Amino acid sequence: MLFNSIGFAIFLPIVFLLYWFVTRKNLRLQNILLLVASYFFYACWDWRFLFLLIFSTALDYYTGIKMSEAKTQKLKKFWLWLSISINLGFLGFFKYYNFFIESFAAALSNVGLHTDPWTLQVILPVGISFYTFHGLSYVLDIYQNRIKPERNIVEYSVFVSFFPLLVAGPIERATHLLPQIKKQRIFDYSKAVDGLRQILWGLFKKVVIADNCAEIANTIFNNSADYGGSTLALGVIFFAFQIYCDFSGYSDIALGTARLFGIELLRNFAFPYFSRDIAEFWRRWHISLSTWFRDYLYIPLGGSKGGTWMRARNIFIIFIVSGFWHGANWTFIIWGFLNALYMMPSILSKTNRNHLDTVAQGRMLPSLKEVMWMGITFGLACFAWIFFRAESVGHAFAYISEMFSSSLFTVPSIRPKMLIVLVILFLIIEWLGREQQYAIAKLGLTWPKPVRWAAYYIIVLAIFIFGGSQQEFIYFQF
Amino acid sequence: MKKFLKWSIIFLLPVLLTGICYEILLRKIPNDYRYKKEYLDKNARKIQALFLGSSHTYYGINPAYSSVPGFNAGYVFQSLDYDLAILRKYEQAWDSLKYIVVPVDYFSLYSRLGTGLEAWRVKNYNLYWDMDMSRNIVEHSEVLTNSLNANATRFTGFYLKKNSFITSSALGWGTGYDSTRELMISGKSAAERHLAKNDKYFNENVAILKSIIEFAKAKNIKVVLITSPAYRSYVDNLDKQQLGRTTQTASAIAADYNNTVYFNHLSDSSFAESDFYDGDHLNNAGAKKYTLKLDSLIRTAEKNGSF
C-alpha cells in the first residue's frame with residue numbers, strides 16, 4: 001500500500017476514526033488498533049514477510065528483557081550479540097547474499113579459479129533495513145543502560161511497526177517513540193491540521209516533482225550512451241530532485257500521518273540542498289540514519305576523541321557502511337566513499353561544524369558567497385548521485401566520461417520546460433520555508449481562511465494536473 | 001475533534017464533488033471500447049469472423065475486406081486474457097461464428113495488459129466492456145487512472161470542441177494509420193519495448209491461448225493463429241530466443257489442435273515499405289492487403305482440410 005494510493009486514502013481515515021472515536025478512552029485498545037493496522041499495512045505488500053517482522057520484533061523484545069535480567073556482563077553481552085547476529089543475519093541474507101557470493105566468485109576468477117556461484121532469487125522484504133535498525137537501536141540502548149526494556153509486547157511491537165514509519169523510516173529511537181506510545185494521546189486540533197498540511201506537501205513533492213523528475217532521469221540514465229554531456233548533466237540534476245522529493249516527500253507524509261495520531265516522529269530532512277558544505281548537507285539529509293550511525297557506530301569507534309586521523313578513519317567507516325546499507329552494489333559503496341572524501345577538508349581543518357544555523361537566517365536572500373558554496377555543495381552531491389543511480393560502476397564511469405566531454409557545452413537534447421518551471425517554483429517555496437519544519441508549515445497561517453484554503457486547493461490541483469506516472473518510493477528498495 | 005472533522009469534510013467536499021461530476025461526464029464520452037461492446041451486443045449472432053488481439057490486429061485487419069461478415073474486437077495492448085474474456089462474454093451469442101483470428105506476436109506470450117506500462121487501459125474493459133478484469137478500485141475509474149491533463153484534453157475535446165474520440169471503423173478496425181511514418185527508429189524502439197524482461201507469464205499465456213482454442217473447439221469454431229507482418233527494422237532487432245520460442249509454441253499448439261492453423265507472416269516479403277505505418281504496424285493499404293491475403297489463406301486451408 002503506497003502512501004500515494006487510493007488504498008491508503010481509504011485505509012487512513014478508517015484507522016483515524018477508529019482510533020479517535022472507538023478506542024480513544026483505552027490506551028491499550030488504541031495500541032492494539034495501531035498494531036493491527038500496521039500489520040495489515042505491511043501485509044498489503046507481502047503477507048509472508050509479516051512473519052519475519054513479527055519474529056524480529058519478538059527476538060528484540062525477548063533479548064531486551066534477558067539483557068536486563070542478566071546477572072553478569074558476559075551474559076548480557078551474549079544476549080546482545082545473539083540479537084545483533086540474528087538481526088544482521090536476516091538482513092545479510094535477504095539483502096547481501098547474492099552480492100557476497102558473486103563478489104567472491106569474481107575474486108576467485110581473478111586468480112584463475114572459476115566457480116559457478118550459487119545465487120538465489122531472494123526477494124527483499126520491504127522495510128527490512130529500517131525495522132532491523134529500529135530493533136538494533138533498542139537492544140543497544142538497553143545494553144548501554146540508556147533505557148529499561150519494554151515489558152509490554154503490544155507497546156514494543158507498535159514501536160517497531162508503527163505503519164507510517166514501517167517501510168521507509170524515519171528510523172526511530174526507543175527513547176523518543178516508546179514514551180509516546182506508552183502515554184495517553186490527546187487529540188490536538190492544530191497538530192492534526194499541521195499533520196494534514198505536511199501530508200499535502202509530501203504528496204506534492206512525491207507526485208509532482210519526484211515522479212516527473214523520475215521520468216526524465218530514468219530516460220537519460222537508461223539510455224545514457226545516446227545523450228551528450230549537457231543532457232547527462234541535466235539527468236543527474238533531475239535525479240537529485242527526484243531522490244530528494246521522493247524520500248523527503250515520503251518522510252513528510254509519514255510525519256504528518258503520525259501527527260494525526262498524536263505521535264511525533266523524528267525529523268528526517270531539513271532542506272539539504274541549501275547546505276553550504278557537505279558536513280551541513282549530512283546534518284540535513286536522512287537525519288535519522290545519519291544520527292543512527294553517529295550514535296551506534298561513529299561514537300563506539302571512538303568518534304572525535306582520538307584525534308584528527310582517527311576521526312577521519314571513522315568518517316570513512318560510517319560513510320562506507322552507510323553506502324552498503326543502501327544496497328548490495330559497489331556503486332553504493334563508492335557513493336559512500338565519495339561523501340567521506342568530501343568531508344575530509346572540513347574534518348582536517350576542523351571546520352565541519354561551521355554551519356550549524358540555517359543559511360541566510362533572518363534574511364530573505366543569501367549572500368553571493370553563500371550562493372557559491374550552496375552551488376558547490378549541490379554539485380558535489382550530484383556527482384556522488386551518479387554512482388548512486390548508475391546500474392554499475394562501469395555505467396557510472398561511462399556516464400561521467402561522456403558528461404565531462406565537450407558536449408557538456410551544447411544545448412541539451414531533452415528540455416522539459418514545464419518541469420523546470422515546477423522545480424524552480426518548488427525551490428522558491430522551499431527557500432521561503434527553510435526555517436520551518438517543512439516548507440509550508442507556516443504558509444498563510446496569518447492569512448484569512450479563504451485565501452489560505454485557496455493556496456491549499458492550488459496544491460491539490462497541481463497534484464492532479466502535474467501528477468507524473470506513479471513510481472514506487474525509491475527507499476522501498478532499501 | 002468535531003471541529004477537525006467538520007473542516008476536513010468542508011475542505012474535501014468540493015474536491016470530491018468535482019471528482020464525481022468529472023467522472024460521470026468523462027464516462028459519457030463515446031469511445032472505441034464502448035462502441036465495440038455495443039456492436040457485439042447487437043451483432044454477435046451474425047458475425048462469422050472475429051479478429052482479436054493488440055494494435056497489430058486492430059490496425060492490421062480490416063473486416064470490410066473479409067469474404068464473410070466479420071468484426072475486429074482487437075485493441076491497443078489487448079492481451080490474450082482479454083481476448084478470452086471477450087469470447088466468454090458473448091458465449092451464448094456466437095451462433096454464426098466460423099473462425100477466430102488470434103495474433104501470437106513477438107510479445108503476446110510474454111506480456112499482460114494489466115501489468116505493463118499500458119495497465120491504465122484496464123479500466124476501459126471494466127467500465128465500457130462491462131467486465132470485471134481487476135479488483136483494484138483505481139482501475140474502475142476514469143479520474144483516478146489518467147492524469148488531469150489527459151482527461152482535460154478529452155473533456156474539452158468532446159464537450160467544447162465537439163471532437164469524436166471514436167477511431168474505429170464501423171467494423172472495429174483502427175482507421176488512424178493512413179500514411180507511412182518513419183520506419184527505421186520506430187521499428188528498433190518497438191523491438192526494444194517488446195523485449196520480455198522475464199518469462200513470468202509465458203506458461204499462463206500459453207494456457208490462456210489453449211483455453212481460447214478449446215472454447216472455440218467446443219463450439220465448432222476454427223482458430224487462426226497469426227504472427228503479423230512487420231518491417232525489417234523491427235524484425236532485425238528482435239531477440240531470436242524470444243521470437244523462436246513464440247513461433248515454435250504457436251506451431252506446436254496448431255499441430256496439437258485440429259481446429260487450429262498457424263500463419264507466420266512476420267517477414268512476409270509481399271509487404272513493402274508503403275504498406276507500413278511504422279516499424280511494426282501496417283497502414284490502411286497494408287491492412288487491406290493483409291486482410292485479403294489472410295482471407296484467401298483461410299479459404300484455402302478450409303478447402304485443403306487443414307482445419
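Lettering follows sequence order; numbering is per chain, from 1. Everything quoted here is computed from the prediction, not taken from an experiment.
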Which portion of B:W7 sits near chain A, non-hydrogen atoms under 4.5 angstrom: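 Contact with chain A involves both backbone and side-chain atoms of B:W7.
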Chain A contact via B:T18 - side chain, backbone, both or neither, heavy atoms under 4.5 Å: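 Interface part for B:T18: neither.
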Side chain, backbone, both or neither of A:I186 within contact of chain B (heavy atoms, under 4.5 Å):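 For A:I186, there is no contact with chain B at all, as no heavy atom is under 4.5 Å.
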Portion of A:F187 that has a non-hydrogen atom of chain B nearer than 4.5 angstrom: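 Only the side chain of A:F187 comes within 4.5 Å of chain B.
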Stepwise salt bridge (Lys or Arg N to Asp or Glu O under 4.0 Å) test for A:R197 and A:D194: CA-CA 5 Å; A:R197 198 165 30 234; A:D194 192 47; 3.3 Å; yes
Residue from A:Y19, A:W45, A:F261, A:Y42 passing ring-ring contact (aromatic ring centres under 6.0 Å, His included) with A:F163: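 For A:F163, the ring-ring contact (aromatic ring centres under 6.0 Å, His included) test succeeds with only one of A:Y19, A:W45, A:F261, A:Y42, which is A:F261.
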B:N136 and B:S134: CA distance, side-chain angles, deciding distance, side chain to side chain donor-acceptor pair (under 3.5 Å) verdict: CA-CA 5 Å; B:N136 184 346; B:S134 153; 5.3 Å; no
Chain B contacts, top residue of A:F21, A:Y457, A:F16 (heavy-atom pairs, under 4.5 Å):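 Most heavy-atom pairs under 4.5 Å with chain B: A:Y457.
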Partner of A:D252 by side chain to side chain contact (heavy atoms under 4.5 Å, CB included), out of A:Y438, A:F204, A:F3: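 The option that passes is A:Y438.
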Reported CG-to-OG1 distance for the pair A:N31 and A:T23, which is rounded to 0.5 angstrom: 9.0 Å
